[in-house]
Amino acid sequence: MLDSRHKRAWLAAGICLALFAAVCGWLMMDQEYERLPSPDGRYTAIVSYPRYATALPALPGGGGDKAGHIHIIDAAGESYGELPLFMLSQANDLEWTRGGARIKGVGEWDFASKTCQSWEE
């Protein structure tokens, strides 16, 4: 049987473990970097990266050098797929096309089939 001192120690250990898990979960969540609306306003590209990347060192002005991803949604919030970005600044090369969008060297989205294809595979 555990005495009150051991119970408090186990309780403190459990609280520390739960706090650690919560912080790790928060660090793994995505942080939005920017939103790029299509010219007609029907679609939005959302560029994001994991929060832990903010703790990694970067040179001044190098905020766009983090790795992340970009996904496109329509006005109703339906997703058309997500592609990885080696650097967040690659999102600046996004081109909206008649039937979708593309980023040179990264991939393309086809809005009719609601899919995306990575060119890095």
Side-chain angles (χ1 to χ4, degrees):
M1 182 153 243
L2 296 175
D3 63 13
S4 64
R5 197 173 346 157
H6 284 101
K7 286 180 183 178
R8 284 195 306 267
W10 278 107
L11 178 62
I15 290 171
C16 288
L17 185 60
L19 183 60
F20 177 75
V23 169
C24 288
W26 183 82
L27 287 172
M28 296 303 291
M29 291 174 58
D30 284 339
Q31 176 71 40
E32 188 174 308
Y33 181 69
E34 74 180 312
R35 288 180 176 245
L36 305 166
S38 64
D40 62 7
R42 294 175 56 198
Y43 305 95
T44 302
I46 302 171
V47 183
S48 54
Y49 59 92
R51 284 190 174 136
Y52 69 81
T54 59
L56 301 176
L59 295 174
D65 293 345
K66 294 184 207 80
H69 52 271
I70 181 170
H71 76 275
I72 295 180
I73 59 171
D74 62 17
E78 188 169 347
S79 177
Y80 286 74
E82 179 179 290
L83 294 173
L85 296 173
F86 178 66
M87 293 188 321
L88 295 176
S89 58
Q90 288 178 297
N92 296 330
D93 297 331
L94 178 69
E95 298 175 27
W96 297 99
T97 62
R98 180 181 294 275
R102 73 172 152 249
I103 300 177
K104 188 176 182 180
V106 175
E108 65 183 333
W109 289 263
D110 180 2
F111 294 159
S113 63
K114 297 184 179 182
T115 61
C116 64
Q117 177 181 357
S118 175
W119 293 339
E120 296 179 352
E121 296 176 346

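Just so it is clear, the values below take in all heavy atoms, side chains as well, and ignore hydrogens, waters and symmetry mates. Sequential numbering from 1 along the given sequence is applied to the chain's residues.
In this structure, W109 and L83 have side chains that are in contact, with non-hydrogen atoms separated by less than 4.5 Å.
Annotation for Q90 and F86: closest pair OE1-N, 2.7 Å, computed over non-hydrogen atoms. Across all non-hydrogen atoms, the minimal contact from P50 to A67 is CD-O, 4.1 Å. Contact record, A101 with T97: N-OG1, 3.5 Å, taken as the closest heavy-atom pair. Between E32 and S48 the shortest heavy-atom distance is CA-CB, 3.9 Å.
T115 contributes atom OG1, which lies 5.0 Å from atom CG of D110 (distance to the nearest 0.5 angstrom). Atom-to-atom distance recorded for Q117:CD and W119:CH2 is 8.5 Å, nearest 0.5 angstrom. Here the straight-line distance linking atom NE2 of H69 with atom CG of L88 works out to 9.5 Å at 0.5 Å rounding. Here the CD1-NZ distance, from I72 to K114, works out to 13.5 Å after rounding to the nearest 0.5 Å. Atoms CD and CG, from E34 and N92 in turn, are 6.0 Å apart once rounded to the nearest 0.5 Å. Distance CG/L17 to CH2/W10: 10.5 Å, rounded to 0.5 Å.
Residues L36 and V106 share a single hydrophobic cluster, defined by chaining ILVMFWY side chains whose heavy atoms lie under 4.5 Å apart. Linking ILVMFWY residues whenever their side-chain heavy atoms come closer than 4.5 Å, directly or via other members, places V47 and L94 in the same cluster.
W96 and Y43 have parallel rings, their planes meeting at less than 30° on a 0 to 90° scale where 60° marks the start of perpendicular.
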- Item | CA sep, side-chain torsions, deciding dist, call: L85, Y49, side chain to side chain contact (heavy atoms under 4.5 Å, CB included) | CA-CA 9 Å; L85 296 173; Y49 59 92; over 6 Å; no
